[in-house]
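Any value given below was found using the heavy atoms of this structure, including those in side chains, with hydrogens, waters and symmetry copies removed. Quick caveat: nothing in here was measured; it's all calculated off a predicted structure.
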Amino acid sequence: MAYELYYWDGIQGRGEFVRLALEEAGIKYIDVAREPDRGMGTGAMLELMKSRSEPHIPFAPPFLRDGDLIVSHVANIQFYLGPKLGLVPADDKLRHVANGLQLTITDLVAEVHDTHHPIATSLYYEDQKDVAKARTKAFICERIPKFLGYFEQVLHQNPEGSRHIIGKALSYVDLSLFQVIEGLRYAFPKAMKAHDTNYPGLNALHDAVSARPNIAAYLGSKRRLAFNEDGIFRHYPELDLTP
């Protein structure tokens with residue numbers, strides 16, 4: 001059976017981190033919410049989340065179904081898929097290190113989301129615009145250097161070399177860092193241009209991932225959704241600034 005990925009239709013969001021791993025591995029999967037013609041769609045995802053019979057319902061997407069097993073949360077899904085897809089070191093200790101790195105990316109993604117929704121997700125961006133400006137300024141000036149500086153250091157201190165964030169081969173963490181750089185460049189082009197020379201290792205990693213055959217094919221396909229202002233990485237010109 002093909003893996004079933006459940007995430008909101010129309011946005012990359014957190015689901016994109018899982019898509020990249022599946023696409024790199026060349027594994028067949030079903031993007032359930034994007035398959036209404038096959039009797040699936042967003043309704044099928046919501047039905048599963050609200051099920052009164054499923055013993056392990058997920059709180060929110062993304063989640064992955066593999067037969068009878070449902071795995072939720074990006075880092076948890078990656079931890080599950082990594083060994084199956086060959087996208088994590090074989091050493092058990094390093095697998096936990098990789099999980100820690102992915103969880104740190106999860107923290108970063110949450111802070112990105114809070115730049116445009118600093119008060120409540122139930123409010124429109126326009127309802128919290130002034131607070132968003134203050135939050136984003138702090139994010140650009142303080143948090144981007146904090147997170148990217150950390151990943152740059154980890155990359156350079158990898159005993160196997162700085163081509164990958166962990167181990168000597170591509171991992172799901174490398175793919176996730178590619179998505180982070182892509183998303184930040186979309187959301188904050190001025191800020192990222194100013195930060196650009198500070199993270200040569202991450203920039204090289206980003207370029208290497210984008211050139212991988214399966215990833216390049218995916219990025220050029222209709223399966224790759226465009227960034228937009230309904231997702232996590234959003235571009236509001238008034239929030240972008242040069243630090």
Side-chain angles (χ1 to χ4, degrees), residues 5-21 31 33-34 42 45-46 49 58-64 71-79 99-151 172-195 199 202 206 224-243:
L5 174 63
Y6 292 78
Y7 195 67
W8 304 110
D9 187 20
I11 60 174
Q12 291 184 18
R14 293 175 175 86
E16 193 66 13
F17 293 95
V18 183
R19 290 191 193 102
L20 286 167
D31 211 332
R34 300 178 68 189
T42 302
M45 180 178 75
L46 295 174
M49 292 169 60
F59 178 72
F63 52 93
L64 184 86
V71 185
S72 61
H73 286 278
V74 171
N76 197 34
I77 296 170
Q78 303 284 50
F79 190 72
N99 187 44
L101 291 168
Q102 188 68 46
L103 286 166
T104 305
I105 292 172
T106 298
D107 291 341
L108 170 55
V109 170
E111 293 199 24
V112 170
H113 172 272
D114 288 350
T115 60
H116 50 77
H117 276 74
I119 298 176
T121 56
S122 57
L123 296 175
Y124 289 110
Y125 162 66
E126 289 74 17
D127 297 326
Q128 47 197 318
K129 202 169 181 178
D130 291 340
V131 180
K133 288 181 179 180
R135 181 64 179 262
T136 303
K137 181 178 180 180
F139 176 76
I140 288 173
C141 296
E142 301 170 16
R143 303 304 286 170
I144 286 180
K146 182 78 171 180
F147 278 105
L148 297 191
Y150 166 74
F151 288 121
Y172 62 78
V173 187
D174 293 322
L175 297 170
S176 293
L177 286 170
F178 160 81
Q179 177 66 6
V180 164
I181 298 299
E182 281 281 287
L184 290 174
R185 287 177 178 176
Y186 171 79
F188 311 113
K190 291 180 182 178
M192 288 301 289
K193 185 175 182 179
H195 283 308
Y199 314 110
L202 289 175
H206 165 276
R224 171 73 168 187
L225 294 163
F227 288 106
N228 58 63
E229 278 49 77
D230 291 321
I232 291 176
F233 295 99
R234 303 186 185 187
H235 177 61
Y236 295 118
E238 63 272 18
L239 297 185
D240 190 19
L241 57 89
T242 302

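Of all non-hydrogen atoms in Ile140 and Leu239, the two that sit nearest each other are CD1-O, 3.6 Å. Closest heavy-atom contact between Leu175 and Ala21: CD1-CA, 3.7 Å. Shortest non-hydrogen contact noted between Phe17 and Gln78 is O-NE2, 3.1 Å. Here the closest non-hydrogen pair linking Thr106 and Ala75 is OG1-CB, 4.2 Å. Annotation for Pro62 and Leu5: closest pair CB-CD1, 4.4 Å, computed over non-hydrogen atoms.
Remark: Glu142 does not engage Lys137 in a salt bridge, criterion side-chain N to carboxylate O under 4.0 Å. Ion pairing between a basic and an acidic side chain is recognised when a charged N comes within 4.0 Å of a carboxylate O; Arg135 and Glu111 show no such pairing.
Looking at Phe147 and Asp107, their side chains come closer than 4.5 Å, going by heavy atoms from C-beta outward.
Applying the 6.0 Å contact sphere to NE2 of His206 captures more than 12 heavy atoms from other residues, nucleotides or ligands.
Counting only distance, with no hydrogens or angles, the side chain of Asp31 and the backbone of Arg19 share no donor-acceptor pair below 3.5 Å. Judged by distance alone, with hydrogens and angles left aside, the side-chain atoms of Asp240 form no donor-acceptor pair with the main-chain N or O of Glu238 at under 3.5 Å. A donor-acceptor contact shorter than 3.5 Å is absent between the side chain of His113 and the backbone of Thr121. At least one donor-acceptor pair under 3.5 Å links the side chain of Gln128 to the backbone N or O of Tyr124. With Asp230 contributing its side chain and Gly10 its backbone, the two residues share no donor-acceptor pair below 3.5 Å. Here the side chain of Thr136 pairs no donor or acceptor atom with the backbone of Lys133 at under 3.5 angstrom. With hydrogens and angles ignored, the 3.5 Å screen pairs a side-chain donor or acceptor of Arg234 with a backbone N or O of Gly231. Judged by distance alone, with hydrogens and angles left aside, the side-chain atoms of Asp127 form no donor-acceptor pair with the main-chain N or O of Leu123 at under 3.5 Å.
In this structure, the separation between OG on Ser72 and OH on Tyr6 is 13.5 Å, given to the nearest 0.5 Å. Note: Met45 CE to Asp9 CG = 9.0 Å, rounded to the nearest 0.5 Å. Ile119 contributes atom CD1, which lies 9.0 Å from atom CG of Asp130 (distance to the nearest 0.5 angstrom). Rounding to the nearest 0.5 Å gives a distance of 12.0 Å between OH of Tyr7 and CZ of Phe63.
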| request: Starting from the C-alpha separation in whole Å, work towards a yes-or-no answer on side chain to side chain contact (heavy atoms under 4.5 Å, CB included) for Leu101 and Ile105. | output: CA-CA 6 Å; Leu101 291 168; Ile105 292 172; 5.6 Å; no

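Taking the ring centroids of His116 and Tyr125, they lie at or beyond the 6.0 Å cut-off.
Using a 3.5 Å distance cut-off with no hydrogens or angles, the side chains of His235 and Glu229 do not pair a donor with an acceptor.
Taking the six-membered ring where the residue is Trp, Phe188 and Phe139 present tilted rings, their angle falling between 30° and 60°. Between Phe227 and Phe233, the ring planes lie perpendicular to each other; the angle is over 60°, past the 30° to 60° tilted range.
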